[in-house]
Amino acid sequence: MSTLRREPATGAVTTERSYARVDTDVIAANVAELARRTPAVIMAAVKADGYGHGMLPAAEAALRGGAEWLAVAFVEEALALRNGGIDAPILSMIAAPAERLCEAIRARVDLAVGASWMLAEVLAAATAVGRPARIHLEVDTGLSRGGATAAAWPDLLEGTAEAAADGAVEVIGIWSHLACSDEPAHPANAAQLEAFQEALNVARRHGVVPRLRHLANSGALLALPETHFDAVRPGIAIYGVPPGPAIDMTGLTPAMTLLSRVAKTKRITAGTGVSYGLTHVAERDTNLALIPLGYGDGVPRHASNTGEVWLAGRRRPIVGRICMDQFLVSTGDDVVRAGDEVVLFGPGINGEPTAVDWGETTGTIGYEIVTRVGARVPRVYLP
Ligand SMILES: Cc1ncc(COP(=O)(O)O)c(C=O)c1O
C-alpha cells in the first residue's frame, strides 16, 4: 500500500506510490504559444488518451489555451469527449467498417472520409439519423496511410458532391497528413504540399469546396508555415515533447513528469547478479534502489541496463532487466532510503531525463514514451 503524502511541487495531498504528474496549465500555455505561430485555427490532437496525459483534461486545457477544434483517432474517443462535456467541434480521423456512425452523427462528431465504403456508410448513417453528416475528405498525398489516392480521389469527390447536393453530407474539411514534417528539409514535404494543392484544385473542379483545409501536424506547424492552410493539427507539441531533433521547441514545455518512490534498498557485493537473467553483475560493492514501476506500467523493457532516472540529486543508471512491476537502479556508495522520490522523466530542467532521452536510449521516440504510460499509473493533475 502506498502512503498518504504531499505532492512535492504543490503540497497537494496524494497517496500515490507512482504517478504521472500532468500540468494542464503547461498544455494550455503550449497551445497558446502554438497559436501565436500561425494564423490558422488550432485543432489539438488528444487521441490515445491525450498522448497518455489523459484525454479529457488535455482537451479542456487545449481549449483553454485557444484551440478551437479537437482531433481524435476513433469515434469512441470523440463520444467520450462529448460525454465528458466537450462541446467544441471534434474530428474523428480513422474508422473501419461498421462503426458507431449514427451515434457520432447525433453527437455532432465530424467524420474523416477517405474511401468510398466510408462515404456509403456515412450516407446510410446520416439517412438513418435524419441529419447531414459533417465530413472531412481525406486525400493521400504521399504517406500511403489513410485517405484516397490521387487515382481514387475524383470518384470520392463525385460521390461526395452528389451526397452534398442531396443534403446528406456537409463537407467541412479536406485534409491530408505529412510523412516527414519532423525533418523540415525533407523533399517529401514540398511534394506532399504540391499534391495537396492539386487535390484541392480537383475538388474545386468537382464543386467540392471545404470550409477548412488542413495538413500540418506539430512539426509542420513549427517549421513549415506554407503548410498551415485554415487549420493545423498539433499533437505532440501541445504536450511540450519535440516531434524530432530538428524542431525548435523554444517556448514549449513538457507537461508530464513520471515519478515514483524507492520501495526498497540494499547493498550488494562485487560479483552479485541483478534482476532476471542476471544480465548485470556488480563490478564493486554497490547500493541498489528498487523502483516499483515496470513494463506493466509502460516503462520500456528496452531500458534494461541502459536507461537512467533522477534520484537523490543525480541521474542513476538502471541496472539489470526491467521487470513487469519493478526495476533497479544503482546508487554506488550513495545512500538512499525507501520513500525517496524518483523521477523517470520530466521537463529536464532540473537534470532529470526527458521523454526524448528515454526514447533515445530505448530505440523509440518521445511520443511513444509518454503515450505508453500505462493505465495502472494514476495521473495527478496540476494545478
Ligand atoms: C492525422 C494526424 N494528424 C495530426 C496528428 C498529430 O501529429 P503530431 O503529434 O506529430 O503533431 C497525428 C498524429 O499522429 C495524426 O495522425
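Numbers here simply count residues along the sequence, with the first being 1. A quick note: this is a predicted structure, and the numbers were derived from the prediction, not measured. Read the numbers this way: they start at 1 and go in the same order the structure lists the ligands and their atoms.
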_Ring centre gap for Tyr239 and Tyr367 strictly below 6.0 Å_ = no
N/O donor to acceptor pairs below 3.5 angstrom from side-chain atoms of residues 343-352, sequence neighbours left out:
{"residue": "Glu352", "atom": "OE1", "partner": "Asn350", "partner atom": "N", "Å": "3.0"}
{"residue": "Glu352", "atom": "OE2", "partner": "Gly348", "partner atom": "N", "Å": "2.7"}

Could you list the donor-acceptor pairs under 3.5 angstrom formed by side chains in residues 152-163, with sequence neighbours left out?
{"residue": "Trp153", "atom": "NE1", "partner": "Ala199", "partner atom": "O", "Å": "2.9"}
{"residue": "Thr160", "atom": "OG1", "partner": "Leu156", "partner atom": "O", "Å": "2.7"}

*If you count only heavy atoms, which residues are under 4.0 Å from ligand 1?*
Lys47, Tyr51, Met93, Arg145, Trp175, His177, Asn217, Ser218, Arg233, Pro234, Gly235, Ile236, Tyr367
*Quick one: do Val309 and Val262 end up in the same hydrophobic cluster if we chain Ile, Leu, Val, Met, Phe, Trp and Tyr together by side-chain heavy atoms under 4.5 Å apart?*
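Val309 and Val262: one cluster.
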*asked:* Under the rule for salt bridge (charged side-chain N to carboxylate O under 4.0 Å, His left out), what residues qualify as partners of Arg145, not counting sequence neighbours?
replied: none
_Under the side chain to side chain donor-acceptor pair (under 3.5 Å) test against Asn287, which residue among Lys266, Arg316, Arg267 passes?_
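Among the candidates, only Arg267 passes.
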